[in-house]
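Remarks on the structure that follows.
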2 protein chains.
Amino acid sequence: MGATKTDHFTESQNELAILAKALGHPARIAIIEYLLKVDACICGDIVNELPLSQPTVSQHLKELKNAGLIKGSIEGNSICYCINEPGLEKIKGFFEHISNHLAKKRNECC
Amino acid sequence: MGATKTDHFTESQNELAILAKALGHPARIAIIEYLLKVDACICGDIVNELPLSQPTVSQHLKELKNAGLIKGSIEGNSICYCINEPGLEKIKGFFEHISNHLAKKRNECC
DNA sequence: TATTTATATTGCAATATTACGATATTAAAT
DNA sequence: ATTTAATATCGTAATATTGCAATATAAATA
């Protein structure tokens, strides 16, 4: 054991879990926040922003990219990273959906 | 190594990461969706809804509770679980914040 | 009080994640 | 052509997560 039983769940559930999991590390939250703060795509500089080694940061960037939360394009000898909106909209939609449901049936129990 | 360097990040970053991580598994997404679907708190029955053993489900419920995404109160010999709104609002706020920022500076690059 | 029912905990094996040093790659600059 | 700079990959150790059988706990019911 140890492996998640992805095939027992719906595609949507697995997709949301992948997105959430990608944000389940403070370094990756920090990367998203940094990309947001600097107003634009950032070519280089991400490594210097984080208290982690270059290979570790590279790995975290790869995970965010695989999950569809950021995208990176080659820009000379550095890479230009920025937030990938569709990915973020998808997970944001999940929370909005929950929030709307909760608003409708407030305090019915508990 | 292998342990996350939580002390290198802000409290807010760690908090958001814990919330996201708790949702980083399809079974836990399924639990949240189920609690939402049934309109109210559910006493029992969660185990039967998931394609996992009772101990495994119990463990996932514990993680959601620790992260502050659900709450459970004892109700006779079963336990009544429901969504914990403050936890969900916190992570929802993060995505709204991102979305607002992105709306302001659309297509500046990439 | 014994049994049933619902949930939690323990212990453990399989797998995944985190982190980093060493090394590779690739494009710019000299 | 070499060197420099930025990023990726490999290898590996430490730790965390996933899943379940077995067992414990605690309340309801017979």
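Because only heavy atoms are used, hydrogens play no part in the values below, and waters and symmetry mates are left out as well, while side chains stay in. Proteins come first, then strands; the chains are lettered A, B, ... in the order of their sequence lines, and each starts at number 1.
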Sequence-aligned protein contact record of nucleotides 18-27 of chain C, with B where the base is within under 4.0 Å of a protein heavy atom and S where only the sugar-phosphate is: BBBBB----S
To the nearest Å, give me how far apart [atom1] ([X]) and [atom2] ([N]) are.
{"X": "B:L50", "N": "D:dG19", "atom1": "CG", "atom2": "C1'", "result": "13 Å"}
{"X": "B:L64", "N": "C:dA8", "atom1": "CG", "atom2": "C1'", "result": "16 Å"}
{"X": "A:L61", "N": "D:dT9", "atom1": "CG", "atom2": "P", "result": "11 Å"}
{"X": "A:E75", "N": "D:dA6", "atom1": "CD", "atom2": "C1'", "result": "13 Å"}
{"X": "B:I70", "N": "C:dT7", "atom1": "CD1", "atom2": "C1'", "result": "13 Å"}
{"X": "A:L23", "N": "C:dT17", "atom1": "CG", "atom2": "P", "result": "15 Å"}
{"X": "A:I18", "N": "C:dA16", "atom1": "CD1", "atom2": "C1'", "result": "14 Å"}
{"X": "B:N66", "N": "D:dA16", "atom1": "CG", "atom2": "C1'", "result": "15 Å"}

Is the distance from OP1 or OP2 of C:dA6 to the nearest side-chain N or O of B:Y81 less than 4.0 Å? no
So, does B:K62 get its side chain near the phosphate of C:dT9, meaning an N or O under 4.0 Å from OP1 or OP2? yes
Do B:H60 and B:L50 have side chains that get closer than 4.5 Å, going by heavy atoms? no
With side chains defined as the heavy atoms from C-beta onward, is the minimum distance between A:I29 and B:F94 less than 4.5 Å? yes
Describe, in one word, how the ring planes of B:F9 and A:H25 are oriented to each other, choosing from parallel (under 30°), tilted (30 to 60°) and perpendicular (over 60°). perpendicular
Measure up the A:F95 and B:F95 rings against each other and bin them: parallel (under 30°), tilted (30 to 60°), perpendicular (over 60°). parallel
Out of A:I70, A:L61, A:L64, A:V57, which residue meets the side-chain contact (heavy atoms from CB on, under 4.5 Å) rule with A:R28? A:L64
Candidates A:E89, A:E85, A:E96 - the one meeting side-chain hydrogen bond (donor to acceptor under 3.5 Å, both in side chains) with B:S99: A:E89
